[in-house]
Amino acid sequence: MYDSPLINVNGNQVPTLDILLMLTVISLLPSLLIMVTSFARTVIILSFLRNAIGVQQTPPNMVIVGIAIFLTLFIMDPVIKEINTQAYTPYKNQEISQEEAIARAQIPLKEFMLTNTEKSSLNMYVEMSGNEEVEEVTELPMTVIIPSFITSELKKGFTAGFLLYIPFLLIDIVVSSTLMSMGMMMLPPAMISMPFKLLLFVTVDGWQLLFSTIVNSFRIG
């Protein structure tokens, strides 16, 4: 049988395939973390808000992503602390093996995702996967839980985006009707409605209201 060539790492002989597998996992890690946290829903809501107001490049994409990252860290803080306590610290102290550390780290993530996953989405993927019934939903594999969570997050993110659009859409309708009644049909309604939408958003302290709503929309545990 063909043996994988070895690479010398800190005096240890490590198979090349193991190195390639580790590099692949590391390269996919950012995407995986985005999919199992609150990041996706947060960045979707922020993008919808920017489009609803009508300011296409303000705040810029870098600011939107930065806000989403730090809100995600705030929301996921209890989960991160539990992973650190239950999995990382014992592994660092060589009290448990790497496999057990990975298994322990999955439990808080599974609980977070399942708490914020709709039952209809979870049942759909369980049925399609053909998995046997389990006593506890936390016993389901990540390959079932993650797609269910992502589906629920997309639905909730787009629902929140639709609700954000409504008040700004009403302003657009009022401005358009007013301009038409005044015979000013050549004047772009967006040019007139944008200051009113910004005024509404600032008056109701929109950023604080939006951020608190996003944070409170996630259930931990």
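Remember, it's a predicted structure, so these values are computed and weren't measured experimentally.
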Donor-acceptor pairs under 3.5 angstrom involving side-chain atoms of residues 119-129: please list them, not counting sequence neighbours.
{"residue": "S121", "atom": "OG", "partner": "S152", "partner atom": "OG", "Å": "3.4"}
{"residue": "N123", "atom": "ND2", "partner": "K119", "partner atom": "O", "Å": "3.1"}
{"residue": "Y125", "atom": "OH", "partner": "T151", "partner atom": "OG1", "Å": "2.9"}
{"residue": "S129", "atom": "OG", "partner": "Y125", "partner atom": "O", "Å": "3.1"}
{"residue": "S129", "atom": "OG", "partner": "V126", "partner atom": "O", "Å": "2.9"}
{"residue": "S129", "atom": "OG", "partner": "N131", "partner atom": "N", "Å": "3.4"}
{"residue": "S129", "atom": "OG", "partner": "N131", "partner atom": "ND2", "Å": "2.5"}

### Query
Linking I/L/V/M/F/W/Y whenever any side-chain heavy atoms sit under 4.5 Å apart, do V36 and I102 land together?
no
#### Entry: Audit row: Y165, N51, side chain to side chain contact (heavy atoms under 4.5 Å, CB included) steps and yes/no
CA-CA 8 Å; Y165 254 98; N51 292 331; 3.3 Å; yes
#### Entry: Residues which pass salt bridge (charged side-chain N to carboxylate O under 4.0 Å, His left out) with K92, listed by chain and number, not counting sequence neighbours
none
### Message
Would a single hydrophobic cluster contain both L198 and I173, if residues Ile, Leu, Val, Met, Phe, Trp and Tyr are joined by side-chain heavy-atom contacts under 4.5 Å?
### Response
no
#### Entry: Atom CD of Q208: over 12 foreign heavy atoms under 6.0 Å
no
## Note on the structure
Smallest heavy-atom separation, T203 atom then L199 atom, equals OG1-O, 2.5 Å
#### Entry: Pairs where residues 194-217 contributes a residue and the test ring pair (Phe, Tyr, Trp, His ring centres under 6.0 Å) is met, not counting sequence neighbours
F201-W207, W207-F211
### Task
Nearest 0.5 Å please: distance from the CG atom of D172 over to the OG atom of S177.
10.5 Å
### Message
Is any side-chain heavy atom of V144 closer than 4.5 Å to one of P141?
### Response
yes
### Query
Taking C-beta and beyond as the side chain, do E118 and S148 meet within less than 4.5 Å on heavy atoms?
no
### Query
Among the clusters formed by ILVMFWY side chains lying less than 4.5 Å apart, do L170 and F162 turn up in the same one?
yes
### Query
What closest approach, in Å, do E153 and N116 show between heavy atoms, and which atom pair accounts for it?
OE2-O, 4.0 Å
#### Entry: Minimum side-chain heavy-atom gap F149-M35 below 4.5 Å
no
### Residue list, salt bridge (charged side-chain N to carboxylate O under 4.0 Å, His left out) with R50, at least two apart or on another chain
none
## Note on the structure
With sequence neighbours left out, the residues meeting side chain to side chain contact (heavy atoms under 4.5 Å, CB included) with I44 are F48, L154, F158
### Task
Could you pull out the closest heavy-atom pair between K156 and T117, with the gap in Å?
NZ-N, 4.4 Å
### Task
Please round to the nearest 0.5 Å and tell me the distance separating atom CD1 of I166 and atom CD1 of I171.
13.0 Å
### Message
So does I53 get a backbone contact from the side chain of K197, meaning a donor-acceptor N/O pair under 3.5 Å?
### Response
yes
### Query
Just how far is it from atom CD of E95 to atom CD of E100, taken to the nearest 0.5 Å?
10.0 Å
If you look only at distance, which donor and acceptor atoms sit under 3.5 Å apart when one is on a side chain in residues 73-88 and the other is two or more places apart or in another chain?
{"residue": "D77", "atom": "OD2", "partner": "K81", "partner atom": "NZ", "Å": "3.2"}
{"residue": "T85", "atom": "OG1", "partner": "K81", "partner atom": "O", "Å": "2.9"}

### Query
Looking at F39 and I69, what are the two nearest heavy atoms and their distance?
CE1-CG1, 3.6 Å
### Query
How many angstroms lie between atom CD1 of I150 and atom CE of M113, to the nearest 0.5 angstrom?
9.0 Å
### Message
Quick check: closest heavy atoms across L46 and A68, and the distance to 0.1 Å?
### Response
CD1-N, 4.2 Å
### Task
Would you kindly confirm whether V215 and I45 end up in one hydrophobic cluster when ILVMFWY residues are joined by side chain heavy atoms under 4.5 Å apart?
yes
#### Entry: Shared hydrophobic cluster for I34 and I145 (ILVMFWY, side-chain gaps under 4.5 Å)
yes
### Closest approach of F218 to T42 (non-hydrogen atoms, all atoms of both residues)
CE1-OG1, 4.3 Å
